[in-house]
Amino acid sequence: ALPLDQMAGFMATLRATDGVGARCLEFLVLTAARSGEARGARRHEIDLHRKVWIVPAERMKGKKEHRVPLSPAAIALLKTLPAGEPEDLLFPSARGSLLSDMTLLMHMRRHKLDATPHGFRSTFRDWAGEHTNYPRELAEVALAHLKGDATEAAYWRGDVLEKRRRMMDDWAKFIAKPYKAGTAVSMTRRA
């Protein structure tokens, strides 16, 4: 995982880097997605009107559809991508196929970072747990982690999309600004 105090600098560098791999890595960070989910994202999965990315069950580790609220930063990134057909990959390789996981890792190695693309999920979790008042369960749903025991899962029917939307907006804002130790996001500042 990349330490929180390095995120803003990394994001500024990443956003200044051209290429499909850089955009895919940026999208991965903004959505706290797994590498395969981001690399496999297709145009028809994105609903710009509702500002949500619907990852189909077959591409999810838990084999359950996952709705990802898209922050204004994620929407802005998506609007910079070239137009295409609904089945087209958002982040295709030069040959038009699935982007390699190594492509994302190489972006990080070029910047001499001791982290992996998957580590951004841990960075996100560190931020949510240490710098916000968001409930642990909300961050776990954002990461598409399976809910606790069978009893808890039976009673948890929704995916708290709108609460997660506020959290993902706050995450996008946090990684865009220089790190300040001792800062926390309050859930009570918005109704």
Side-chain angles (χ1 to χ4, degrees), residues 1 4 7-8 11 15 23-81 86 90-91 117-177 179-180 183-191:
L4 286 169
M7 282 302 297
M11 291 304 290
R15 287 175 170 148
R23 297 297 67 79
C24 184
L25 189 56
E26 181 181 354
F27 185 71
L28 175 148
V29 172
L30 287 167
T31 59
R34 292 178 181 92
S35 173
E37 296 159 8
R39 291 181 297 111
R42 297 189 182 272
R43 295 182 182 287
H44 72 272
E45 297 171 3
I46 304 293
D47 184 337
L48 288 175
H49 177 71
R50 291 176 44 221
K51 300 176 183 164
V52 67
W53 171 30
I54 302 169
V55 187
E58 61 269 12
R59 288 200 305 103
M60 292 299 301
K61 183 178 178 181
K63 301 301 179 200
K64 183 180 175 195
E65 179 182 279
H66 182 55
R67 296 189 313 160
V68 180
L70 298 171
S71 66
I75 295 289
L77 178 148
L78 291 169
K79 287 182 175 181
T80 67
L81 300 177
L90 287 174
F91 308 103
H118 191 79
F120 287 115
R121 290 168 54 80
S122 181
T123 303
F124 167 79
R125 188 63 186 88
D126 290 345
W127 166 80
E130 297 175 18
H131 295 274
T132 77
N133 295 325
Y134 291 110
R136 178 192 72 79
E137 295 82 8
L138 205 59
E140 293 300 311
V141 173
L143 293 168
H145 285 163
L146 298 176
K147 295 161 192 77
D149 63 23
T151 303
E152 180 184 359
Y155 285 97
W156 189 303
R157 301 215 192 300
D159 67 357
V160 290
L161 182 70
E162 293 311 313
K163 287 184 179 184
R164 288 189 295 122
R165 182 176 308 285
R166 289 191 305 267
M167 182 172 62
M168 299 314 288
D169 289 353
D170 286 340
W171 168 241
K173 290 172 188 171
F174 177 84
I175 62 177
K177 296 179 185 174
Y179 177 81
K180 283 185 174 181
T183 59
V185 174
S186 171
M187 286 184 57
T188 60
R189 62 185 163 84
R190 286 186 266 188

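Only a predicted model underlies this, so the values are computations on that prediction, with no experimental measurement involved.
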Pairing residues for E58 by the side-chain hydrogen bond (donor to acceptor under 3.5 Å, both in side chains) criterion, not counting sequence neighbours:
none
With the side chain counted from C-beta on, respond yes when M11 and K177 share a heavy-atom pair under 4.5 Å apart, and no when they do not.
no
Nearest 0.5 angstrom please: H131 NE2 to D170 CG, how far?
13.5 Å
Looking at W171 and A128, would you say the former's side chain and the latter's main chain have a donor-acceptor pair under 3.5 Å?
no
Non-hydrogen side-chain atoms of R121 and H145 separated by less than 4.5 Å:
yes
What distance do L81 atom CG and F27 atom CZ have between them, rounded to the nearest 0.5 Å?
8.5 Å
Taking C-beta and beyond as the side chain, do Y134 and R166 meet within less than 4.5 Å on heavy atoms?
yes
After noting the C-alpha distance and the side-chain angles of L90 and R23, does the key distance pass the side chain to side chain contact (heavy atoms under 4.5 Å, CB included) rule?
CA-CA 9 Å; L90 287 174; R23 297 297 67 79; over 6 Å; no
Grab the two heavy atoms, one from D169 and one from P72, that are nearest each other, plus how far apart they are.
OD1-CD, 3.2 Å
Contact summary for P69 and L161, nearest pair of heavy atoms
CD-CD1, 3.7 Å
Less than 4.5 Å apart, side chain to side chain, heavy atoms only: is that true for E37 and W53?
yes
Smallest heavy-atom separation, A8 atom then A176 atom, equals CB-C, 4.3 Å
Flag side-chain contact, heavy atom, 4.5 Å: M60 against R34
yes
Not counting sequence neighbours, which residues clear side-chain hydrogen bond (donor to acceptor under 3.5 Å, both in side chains) with R43? List them please.
none
Taking NZ in K79 as the centre, count heavy atoms belonging to other residues, nucleotides or ligands within less than 6.0 Å. Is the count above 12?
no
Any side-chain heavy-atom pair of L30 and L70 under 4.5 Å
no
Locate the shortest heavy-atom distance separating R50 from I54; write the atom from each residue and the value.
NH1-CD1, 4.3 Å
How far apart are the closest heavy atoms of A172 and S71, and which atoms are they?
CB-OG, 3.6 Å
Heavy atoms only: give me the nearest H66-V141 pair and the separation to one decimal.
CE1-O, 3.1 Å
All side-chain contact (heavy atoms from CB on, under 4.5 Å) counterparts of A142, not counting sequence neighbours
F124, R164, M167, M168
Can R42 and E45 be counted as an ion pair, charged N to O under 4.0 angstrom?
no
Any chance you could measure D126, atom CG, to T123, atom OG1, to the nearest 0.5 Å?
6.0 Å
Between the CZ atom in R39 and the SG atom in C24, the distance rounded to the nearest 0.5 Å is 7.5 Å
The reported gap from CZ in R136 to CG in L138 (rounded to nearest 0.5 angstrom) is 11.0 Å
Keeping R165 on the side-chain end and K51 on the backbone end, is there a donor-acceptor pair under 3.5 Å?
yes
